[in-house]
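Below is one structure, written out as structure tokens; the observations come after it.
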There are 2 protein chains.
Amino acid sequence: MPGTPAVPAGKRPTLADVAARAGVSTALVSIVMRDAKGASAATRERVLQAAREIGYRPDARARLLRSQRSRLLGVQFGLQHPFHTDLVEGLYAAAEPAGYQIALSAVAAGRGEQRAVESLLADRCEALILLGPQAPAARLAELAGQLPVVSVARRLRPSVPGLEVVRTADDEGARQAVDHLVALGHRDIVHIDGGRAPGAADRRRGYRTAMNRHGLAEHIRILPAGLTEEDGADAARALSADRPHPTAVMAFNDRCATGVLDVFLRAGIAVPDDISVVGFDDSHLARLAHIDLTTVGQDIPRLAHLAVSRAVARLEGDKSPAGEDVITPRLVVRSTTAPPSL
Amino acid sequence: MPGTPAVPAGKRPTLADVAARAGVSTALVSIVMRDAKGASAATRERVLQAAREIGYRPDARARLLRSQRSRLLGVQFGLQHPFHTDLVEGLYAAAEPAGYQIALSAVAAGRGEQRAVESLLADRCEALILLGPQAPAARLAELAGQLPVVSVARRLRPSVPGLEVVRTADDEGARQAVDHLVALGHRDIVHIDGGRAPGAADRRRGYRTAMNRHGLAEHIRILPAGLTEEDGADAARALSADRPHPTAVMAFNDRCATGVLDVFLRAGIAVPDDISVVGFDDSHLARLAHIDLTTVGQDIPRLAHLAVSRAVARLEGDKSPAGEDVITPRLVVRSTTAPPSL
DNA sequence: GTTCTGATCTAGAACGTTCTAGTAACTAGA
DNA sequence: TCTAGTTACTAGAACGTTCTAGATCAGAAC
């Protein structure tokens with residue numbers, strides 16, 4: 001009864017609707033929408049006008065179905081890891097200028113890596129970027145056989161054929177932490193270990209090697225823990241019972257280190273006066289003014305950028321064998337380390 | 001030249017490939033894949049076998065394109081908010097039994113709410129679940145005109161037509177916090193405020209009302225801050241210069257409260273002996289053994305469940321006007337509150 | 001006046017599914 | 001033997017795009 005209804009009620013407008021309204025073919029509308037060449041300026045404007053009027057919005061699924069390329073990078077990440085969420089932020093920033101979109105799939109309680117990856121594959125991602133994957137090497141190899149896969153922050157030894165790796169030199173990071181503490185005068189340096197977490201083995205090894213090189217072999221002490229605040233807190237509780245305390249602690253990561261810090265503060269052990277603490281990652285946690293943690297900085301934007309680059313290179317036909325980017329970490333000295341008290 | 005290649009190299013297998021291999025029609029394969037009825041047990045097994053052999057995986061996009069329903073719930077969340085990531089975990093858990101999938105879209109630096117929502121719409125989500133949206137009411141109204149939209153943890157006054165709301169009774173939560181502190185004997189209770197963050201206005205109001213009801217009007221003191229650890233730390237620094245200190249602090253949320261805690265510990269102000277601290281949210285941050293924060297618990301699984309329910313009800317034809325679920329929070333007493341020292 | 005060239009536009013076939021409408025082959029009741 | 005009702009299956013048209021292969025028409029070159 002009224003004039004022209006803006007939208008045919010209930011159905012979202014399609015290319016055909018726009019085409020009808022502008023009096024052109026759907027193919028032409030498609031051209032205009034993609035900003036492809038093959039339409040005159042005048043028609044282009046007319047089509048855009050029509051699209052605006054009926055509130056047309058391209059259907060990403062139909063678009064991806066038809067075009068060979070999906071230009072979609074699937075990212076698997078741990079919802080509760082600040083280091084991962086920082087990385088995701090970097091991935092968004094890196095993917096856009098390369099002309100790719102990011103599809104997120106979270107690993108959470110009740111949703112394992114298997115499920116997360118399944119959903120990315122079903123969504124037709126062209127490549128996968130896995131943050132700190134825990135899956136067995138065989139599974140990663142199988143995936144890498146199907147599409148380009150980049151593992152971020154997890155080293156694989158022996159290397160998995162076809163799998164791209166972007167990681168920080170964890171052993172070197174641990175070395176820097178130990179060197180820093182030794183330079184301050186510490187000898188009794190404990191490592192709170194990440195267990196089976198990605199990177200943990202290398203950090204442990206780096207710690208051992210550095211201690212040995214400083215002639216501190218008999219001071220090597222490794223406390224098994226994990227990657228969460230609670231793991232760090234547990235280890236710190238065990239430590240604070242010791243007399244005398246070690247004078248310094250190198251924690252597996254920042255989450256772990258904040259757990260350590262808090263227990264020490266509560267136990268009346270002053271940081272850094274009584275004991276120094278070093279973290280790992282330089283996630284935004286460490287940068288917070290009230291934590292202000294000395295930590296081994298992973299260059300998060302760089303890691304993100306390289307991960308995207310590797311994926312994209314693969315997709316754009318790079319046939320060279322899969323490789324590895326190893327980023328040198330850089331110690332960020334803040335206020336949780338100082339010379340040991342006499 | 002060899003026998004049957006497992007996969008026709010480079011292309012992912014489709015229904016037609018499975019059909020050819022099993023010697024049936026694509027329609028039948030579709031039936032088997034969807035676990036629909038209309039296939040005998042024998043054929044079913046034969047088809048599944050063929051699918052397994054060539055590594056067939058359904059194409060989610062083609063599937064969604066064809067079926068009227070996408071059964072996809074779009075979720076917008078803040079990458080760096082533990083409260084949001086906790087909620088997302090709950091949403092995954094709630095969506096699955098209802099037969100819906102979750103599509104995530106993060107708000108991050110350089111990726112605003114507008115962008116996040118655009119991508120969810122292009123992906124054909126049937127409904128949107130927005131966690132703590134900051135968008136203006138007019139924008140939310142516009143969206144709600146297009147599809148079912150649920151706002152979680154943000155109240156809208158006046159209510160936006162068509163917009164579903166699921167939230168905690170923030171004023172009531174603030175009241176509980178004040179009541180608890182007053183019952184312990186506190187009178188000098190400061191509120192560290194969330195500014196323009198969703199929920200902040202109600203918490204502020206609840207604090208004021210409760211203080212008035214206890215006859216503590218002249219003790220009302222509100223420190224402007226925000227929703228991050230740093231905001232809390234800044235406010236705490238300001239406070240710790242005061243002599244005498246207030247005896248209790250009610251922080252806008254848990255992130256803010258951890259900032260407060262840490263500054264106090266560093267300044268040698270004992271919690272809870274010298275001063276009590278209450279947070280808000282009961283995100284996993286608060287539950288960590290080494291923080292062990294008394295906090296106003298938002299029932300996160302319940303909020304998630306209700307958000308999904310509201311979206312689903314809308315999608316399954318519920319025509320009643322949009323409504324609001326207001327969940328009563330429950331104070332979780334842990335170790336950061338105690339009677340004031342004499 | 002032809003033929004070419006380039007720009008603008010269109011018809012119609014993909015893409016990989018699901019859905020509708022049917023066919024074929026049984027069983028069962030009369 | 002005939003009809004009716006199942007059950008198992010299939011052909012072919014959707015879904016909303018993009019892509020291929022032209023069609024049409026101007027102007028330029030000969």
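In what follows, every heavy atom counts, from backbone to side chain, and hydrogens, waters and symmetry copies are set aside. Throughout, a chain's letter reflects where its sequence line sits, starting with A, and its residues are numbered from 1.
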Could you state the [atom1]-[atom2] distance from [X] to [N], rounded to the nearest angstrom?
X: B:Asp123; N: D:dT17; atom1: CG; atom2: C1'; result: 15 Å
X: B:Arg12; N: C:dG16; atom1: CZ; atom2: C1'; result: 10 Å
X: A:Ile31; N: C:dA7; atom1: CD1; atom2: P; result: 13 Å
X: A:Leu28; N: C:dA7; atom1: CG; atom2: C1'; result: 12 Å
X: B:Arg69; N: D:dA14; atom1: CZ; atom2: P; result: 22 Å
X: A:Arg57; N: D:dT17; atom1: CZ; atom2: P; result: 12 Å
X: A:Arg124; N: D:dT17; atom1: CZ; atom2: C1'; result: 13 Å
X: B:Leu64; N: D:dG16; atom1: CG; atom2: P; result: 13 Å

Check whether any side-chain nitrogen or oxygen of [X] sits under 4.0 Å from OP1 or OP2 of [N], and answer yes or no.
X: A:Ser40; N: C:dA7; result: no
X: A:Ser67; N: D:dT17; result: no
X: A:Ser30; N: D:dC19; result: no
X: A:Arg34; N: D:dT18; result: yes
X: A:Thr14; N: D:dG16; result: no

Check: B:Arg66 side chain, C:dT18 base, donor-acceptor under 3.5 Å: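 Between C:dT18 and B:Arg66, which were checked side chain against base, a qualifying N/O pair under 3.5 Å is present.
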Options C:dG16, C:dC19, D:dT17, nucleotide nearest the side-chain atoms of A:Leu15: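 Taking heavy atoms from C-beta onward, the closest nucleotide is D:dT17.
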Nearest heavy-atom neighbours spanning A:Leu15 and A:Met33: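 Between these two residues, the closest heavy atoms are CD2-CG, 4.5 Å.
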Indicate yes or no: does A:Arg61 engage B:Asp59 in a salt bridge with an N to O separation below 4.0 Å.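 So A:Arg61 does not pair with B:Asp59 through a salt bridge.
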Salt bridge check: are A:Glu118 and A:Arg115 linked by an N-O gap of less than 4.0 Å?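 No.
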Under the salt bridge (charged side-chain N to carboxylate O under 4.0 Å, His left out) test against B:Glu324, which residue among B:Arg154, B:Arg167, B:Arg310 passes?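 Among the candidates, only B:Arg167 passes.
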Which part of the nucleic acid, if any, lies within reach of B:Arg61 when heavy atoms closer than 4.0 Å are counted: base, sugar-phosphate only, or nothing?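 The residue B:Arg61 makes no contact with any strand.
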Regarding B:Ala39, tell me which of base, sugar-phosphate or nothing describes its non-hydrogen contacts under 4.0 Å with the strands shown.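 Contact class for B:Ala39: sugar-phosphate only.
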Quiz question: by atom type and distance under 3.5 Å, do the side chains of A:Gln49 and A:Arg46 form a donor-acceptor pair?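 Looking only at side-chain atoms, A:Arg46 and A:Gln49 do not form any donor-acceptor pair under 3.5 Å.
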Which residue lies toward the 5' end of DNA chain D, B:Ala41 or A:Met33, if each is placed at its nearest nucleotide?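 Looking at the nearest nucleotide for each, B:Ala41 comes out on the 5' side.
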Residue whose nearest DNA chain C nucleotide is more 5′ - A:Gly38 or A:Thr26: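 Closest to the 5' end, via its nearest nucleotide, is A:Gly38.
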